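Please read the structure below before turning to the comments.
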There are 2 protein chains.
Amino acid sequence: MRVKMGGGYMDYATAKRINQLLTTVYGDIVRVEELALRTSQFKDISIKEVHAVDAISMYEHKTTSQVARELRITPGTLTTMVNHLVRKDYVQRIKSDDDRRFVRLGLTRRGRLVYRAHESFHRKMVESFAKDMDDEQLQIIEKALLNLEAFLEFASPTPDR
Amino acid sequence: MRVKMGGGYMDYATAKRINQLLTTVYGDIVRVEELALRTSQFKDISIKEVHAVDAISMYEHKTTSQVARELRITPGTLTTMVNHLVRKDYVQRIKSDDDRRFVRLGLTRRGRLVYRAHESFHRKMVESFAKDMDDEQLQIIEKALLNLEAFLEFASPTPDR
DNA sequence: CATTAATACTTTGAACATCAAGCTATATAT
DNA sequence: ATATATAGCTTGATGTTCAAAGTATTAATG
């Protein structure tokens, strides 16, 4: 059986497999990240907290609201997370001196270690993903993912960041 | 800057964009699904519960353990979810008569409605994803996703189902 | 056949992630 | 000076999850 797909037609089984892959891949990434953490020196940090560390990032001092928007959580939720991450010495709060309402976030030495480990995992992952593919093939993949984003954006417009 | 990628090389910016897409797409899917639920007649069911309904599925009566394995949650967690889903009339428990330890799970009329709606969303999503692509291009995409799965499998072997 | 093992599921208690709503501190507008 | 707006924080409630202990049923063993 073949399903209509815009210009072309798509094998029904292929559609099923791709759907399956798309919906399981993220969970698998998270599972591997979790396992990596449990067997590393960073046993006191959850994967969500690592993603917060990643969003806080190394090279600028974003505000709490900025980071919360990126992570798509409320500022209140991020405050709680940051409380924990400060207590566990991954993150530091830096008060802005120009406007003292803002809290800017930065990584500690320990936080930078986690950041780099996480970055490295994702680099390896994408390398693996794109293994044996040339530029043209990568463009096809990116196009497909952008189609998907466009569909989702159409289904539920997001507020600008 | 170009990064070594198996056979070829990959533009660094492309690697970053693809990584970004891969890691945000799942969250975006879930967000759209959540929104669809909130604006439908099914306001009393969460997206995780819908995924349980999806795993329970229409055409066979799987056991609790089987479904829990598919969802990668413990049987205890699924029991709790099923309690809620039974109370809200999406799922029914069916006692096996041959071996009375097993509980087989099935969907109610209401559960089947949700199942079909969810199925339809995913069908449209994959159609959109594969829009304007021919069989060859789809094969490239599937190959890439399978590479990724292989990498993740290597990083953390999963027990067979 | 009675007892022990194993299996399938359920319950319970604790941890974490999350949000909404109300709160504090600071800055801006009137 | 006062009111309004902004940024972040605290709190209480909800949902998801697991590990561990508990119950029911079946299979294995002496």
Side-chain angles (χ1 to χ4, degrees), chain A residues 26-27 30-31 33-35 37-38 43-56 61-88 90-106 159 161, chain B residues 26-27 30-31 33-35 37-38 42-53 55-56 61-88 90-106 159 161:
Chain A
Y26 182 80
V30 167
R31 207 163 31 76
E33 287 181 336
E34 277 288 3
L35 180 69
L37 281 178
R38 286 313 133 247
K43 297 194 206 310
D44 63 342
I45 188 170
S46 76
I47 191 60
K48 301 260 184 183
E49 289 173 330
V50 171
H51 289 157
V53 165
D54 187 63
I56 289 168
H61 288 145
K62 304 177 190 170
T63 67
T64 297
S65 303
Q66 252 178 300
V67 173
R69 252 192 319 274
E70 265 184 54
L71 293 170
R72 295 178 185 284
I73 57 179
T74 61
T77 300
L78 185 57
T79 293
T80 313
M81 269 176 120
V82 167
N83 289 344
H84 294 150
L85 288 169
V86 166
R87 209 176 304 143
K88 295 188 281 195
Y90 290 98
V91 168
Q92 55 191 154
R93 284 191 167 95
I94 304 150
K95 269 269 176 189
S96 278
D97 251 354
D98 44 324
D99 187 332
R100 293 172 45 69
R101 286 172 302 182
F102 288 86
V103 170
R104 299 192 170 271
L105 300 173
R161 307 212 196 153
Chain B
Y26 182 80
V30 167
R31 206 163 33 76
E33 288 180 335
E34 277 288 5
L35 180 69
L37 282 177
R38 284 315 132 246
F42 306 110
K43 297 195 205 312
D44 62 343
I45 189 170
S46 76
I47 191 60
K48 303 260 182 182
E49 288 173 330
V50 171
H51 289 157
V53 165
I56 289 167
H61 288 147
K62 304 176 190 170
T63 68
T64 298
S65 304
Q66 253 179 299
V67 174
R69 249 192 322 274
E70 266 184 53
L71 293 171
R72 295 179 187 286
I73 57 180
T74 61
T77 300
L78 186 57
T79 292
T80 312
M81 267 176 122
V82 168
N83 288 346
H84 294 150
L85 287 169
V86 167
R87 208 174 304 142
K88 294 188 284 196
Y90 290 99
V91 169
Q92 53 193 153
R93 285 191 166 94
I94 303 150
K95 270 269 177 189
S96 278
D97 251 354
D98 45 322
D99 187 333
R100 294 171 46 69
R101 287 171 301 182
F102 288 85
V103 170
R104 300 193 171 269
L105 300 173
R161 309 213 196 152

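Only a predicted model underlies this, so the values are computations on that prediction, with no experimental measurement involved.
Distance NZ (B:K95) to C1' (D:dT23): 10 Å, rounded to an integer number of Å. Counting to the nearest Å, the C1' atom of D:dT6 and the CZ atom of A:R69 are 12 Å from each other. In this structure, the CG atom of A:L78 is 8 Å from the P atom of D:dC9, given to the nearest Å. Taking atom CZ on B:R87 and atom P on D:dG15, their separation rounds to 11 Å, with Å as the unit.
Minimum heavy-atom separation, A:R101 to A:D99: NH2-OD2, 2.7 Å. Nearest heavy atom pair, residue B:E34 against residue B:I47, reads OE2-CG2, 3.2 Å.
Classified by its glycosidic torsion, D:dA27 falls in the anti category, the angle being over 90° from 0.
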- Query: What do the steps show when you test B:T77 against B:L71 for side-chain contact (heavy atoms from CB on, under 4.5 Å), and what is the final call?
  - Reply: CA-CA 10 Å; B:T77 300; B:L71 293 171; over 6 Å; no

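Using a 4.0 Å heavy-atom criterion, one finds that A:P75 contacts no nucleic acid atom at all. The residue A:R93 sits close only to the backbone: its heavy atoms come under 4.0 Å of sugar-phosphate atoms, none of a base. Among the atoms of the strands shown, base atoms are found under 4.0 Å from some heavy atom of A:T79.
Considering only residues two or more places apart in sequence or on other chains, A:K48 meets the side-chain contact (heavy atoms from CB on, under 4.5 Å) condition with A:S46, A:M81. Under the rule for a side-chain contact (heavy atoms from CB on, under 4.5 Å), the partners of B:T64 that lie at least two apart in sequence or sit in another chain are B:L78, B:T79, B:V103, B:L105. Considering only residues two or more places apart in sequence or on other chains, B:E49 meets the salt bridge (Lys or Arg N to Asp or Glu O under 4.0 Å) condition with B:K88. The salt bridge (Lys or Arg N to Asp or Glu O under 4.0 Å) check on A:R104 picks up nothing, with sequence neighbours excluded.
You'll find the side chain of A:R93 reaches within 4.5 Å of the side chain of A:N83, heavy atoms only.
Contact footprint of chain B on DNA chain C: nucleotides with an atom under 4.0 Å from a non-hydrogen protein atom, first to last in 5' to 3' order, C:dA6 to C:dT11.
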Between the protein and nucleotides 16-18 of chain D, list the N/O to N/O atom pairs that are separated by less than 3.5 angstrom.
residue: D:dT16; atom: OP1; partner: B:S46; partner atom: OG; Å: 2.6
residue: D:dT17; atom: OP1; partner: B:K48; partner atom: NZ; Å: 3.4
residue: D:dC18; atom: OP2; partner: B:T74; partner atom: N; Å: 3.0
residue: D:dC18; atom: OP2; partner: B:T74; partner atom: OG1; Å: 3.3
residue: D:dC18; atom: OP2; partner: B:T77; partner atom: OG1; Å: 2.8

